[in-house]
2 protein chains.
Amino acid sequence: MQTATAYATDRALAPSQPMAISSPTAGFPRSHSVTTFNAGAEIYAPGDKAGTFFQIEFGAVRIHRLLSDGRRQVIAFHLAGETFGFEADRTHSFFAEAIIPTGLRALSRPANDQASPELLVLALRGMLRAQEHILMIGRQTAVERISGFLLDMAERQGGLEYFDLPMTRLDIADYLGLTIETVSRVFAKLRSAGLIKLRSIRCVEIKKLEALRSHCA
Amino acid sequence: MQTATAYATDRALAPSQPMAISSPTAGFPRSHSVTTFNAGAEIYAPGDKAGTFFQIEFGAVRIHRLLSDGRRQVIAFHLAGETFGFEADRTHSFFAEAIIPTGLRALSRPANDQASPELLVLALRGMLRAQEHILMIGRQTAVERISGFLLDMAERQGGLEYFDLPMTRLDIADYLGLTIETVSRVFAKLRSAGLIKLRSIRCVEIKKLEALRSHCA
DNA sequence: CGCACGCTTGAAGCGCGTCAAAAAAGGTGG
DNA sequence: CCACCTTTTTTGACGCGCTTCAAGCGTGCG
C-alpha cells in the first residue's frame, strides 16, 4: 500500500499562458493556445469546474483517483494527439496530471448544448476504452494485463519497432490494479523469455509480437 | 474458472413484436413499441449491428464479454428506466442479455449524425460509471466491492428499505471480478455482522447503512 | 418424488501483496 | 566529470486474500 503523500504534486508550474475560457462557437470547439505543464503538474482535480477539455500537443497525461487510505487507481493514460477532460457533471471527478512535460490545447464545449457529433464519438470511445479496461482488470492475470498494456501502448504510438513509456512502474501498477513489485517482476519475466527487450528502463522493444498477443486471453 | 457453456443462452424467445428500425427523427430518438425477452435471452451479441439502443420498461439486463477460455466479465447491469446499447463503432462489442423477463423499447439514433445532447449525456454518464467500476475492481477488497455494489443497487432502486437482486451470485461475481464462492462468503459475513438481512436469497435489506458505507474506502 | 440449478460451506493451494533491502538511474552543485 | 543525494526499479522472503476443488444443502419444477 502506497502512501497518499507519494503523489503530492505541484500545481501547474509556470504555464506559458493562462488558460482562457472563451465563448462557445458553432460546430467543433474552437482551439486555443497551448499551455505547458511540467512533469507531475496537476491539470485539474476532483471538484474543479469542468466544461473545458484538452487536446495533447505533446507529452502524456494520467487520469486517476485516490481512495482515502492512499490507494490509487489510474483510470487512463493519454498520449500526444489524444483528447481528455470531458465529464458528465459540471465538475471533474478525477485528477489529471502531466506525466512528463506536456503541452495542452484547451477546447471549450459549446455552451448551447448543441453537442457536436465529434464530442459524442469521443465520449463513446472513452466509454468503450473504460469498459475494456474493466475486463482487463477484472478477469486477467498479471502477465496478461502487462502484455495487453504493452501492446496497447505500442499500437497507440504508431506500432513502432520500439517505444517509450512515459509513465513510471508505479503508474503502470496503479493503472493495471497491481503493485509496482509485480509489474517489475512481470517485466523481468517477459524480458528473460525473450518477448520484449528493454533498451532502457523506459524504452521497450517488442521482440515477439505474436507470443505477446497470445498472452492476452 | 467457469466454463463457457455455463453461459449458453437462447436467442430472444418469442418476442412480442419484431424489432423495427424506423427512420430517424429530429431531436431525441423516437420511441418504438416494446419487445419482451425471457430470462437469459440474448438481446445482442458482439459483432451485431449497432445503432439502435434500448430503454428498459421492466426487467433487468446484463452487459458482458467472454474471454476465450470462458472467463466472463460483466461490464454493467441495467435496471428498469435505464438506457443501454449505444456504441462507438458500427457493431456491438459486448453481449446484452435479459436477466429476468424484460421489456425493452428500442430507440434509434438519428442517422444524420445530429447527435442529440441527451445521447451525449448518456454516453458521458456511461463513461463515468465505467470509470468508477475500474476503481472498484482495481483497488478494492472483496468486502468493499460487495458493500459498494449493494449500496449502488439500493440507490438505483430508489433507496428502498429492501430490494431485490435480479441477478444470480455468479452474475455479481463476474461483475465484481470475484468468484461466486467469495461473493457467497462475503454475503454471509455481512449478514452475520448484522449489516444486511437476507429476506430471501435474492432480497436484501440494509440494516446498518452507515456501517456499510464505511466499508467503501 | 427426484432431478436440476443455484447457493453455501469447508479445506487446501497459489498468485499476488507486503515488507525489506539493495541496486540502478537521475538530478544538482561544485 | 565526479561526489552526493533522491527517486525509481529490482529482487528476495514471507504471508494473506482470494481462488480452486469438492461436497453438501435448499428450492422449484417436471
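Every chain is numbered from 1, with letters handed out A, B, ... down the list of sequences.
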- request: With rounding to the nearest 0.5 Å, note down the distance linking CG in B:L135 to CD1 in A:I137.
  value: 9.5 Å
- request: Could you tell me the separation between the CZ atom of A:R191 and the P atom of D:dT9, rounded to a whole number of Å?
  value: 15 Å
Atom-to-atom span, CG of A:L178 to P of C:dT18 - whole angstrom: 11 Å
statement: Against the side chain of A:I180, the closest entry in D:dT9, D:dA13, C:dT9 is D:dT9
Donor-acceptor pair (no angle test) under 3.5 Å: A:R185 side chain, C:dG15 base: no
message: Quick check on DNA chain C: between A:I201 and A:E181, whose nearest nucleotide comes earlier from the 5' end?
response: A:E181
field: Closest-nucleotide ordering on DNA chain C, the 5'-leading residue of A:R202 and A:V143
entry: A:V143
field: Nucleotide of D:dC18, C:dT8, D:dT11 approaching B:L198 most closely (side-chain heavy atoms)
entry: C:dT8
- request: Would you tell me if any nitrogen or oxygen in the side chain of A:S184 comes within less than 4.0 Å of OP1 or OP2 on D:dT9?
  value: no
message: Counting the atoms with a prime plus P, OP1 and OP2 as sugar-phosphate, which does A:S200 contact under 4.0 Å by heavy atoms, base, sugar-phosphate, or nothing?
response: nothing
- request: Is it possible for you to check whether B:R62 lies under 6.0 Å from the centre of the six-membered ring of B:F77, through NZ or CZ, and within 45° of that ring's axis?
  value: no
- prompt: Hey, does B:T182 reach any base, or is it just sugar-phosphate, or nothing, if we go heavy atoms under 4.0 Å?
  reply: base
message: Let's see if you can work this out: which of D:dT20, D:dT8, C:dC16 has an atom nearest to the side-chain heavy atoms of B:T179?
response: D:dT20
- prompt: Between the main-chain N or O of B:Q140 and the side-chain N or O of B:R145, is there a donor-acceptor pair closer than 3.5 Å?
  reply: yes
message: Using side-chain contact (heavy atoms from CB on, under 4.5 Å), reason through B:R125 and B:L122 one step at a time and then give a plain yes or no.
response: CA-CA 5 Å; B:R125 256 192 244 295; B:L122 288 176; 5.6 Å; no
query: Counting any heavy atom closer than 4.0 Å, what does A:R145 reach on the DNA or RNA strands: base, sugar-phosphate only, or nothing?
result: nothing
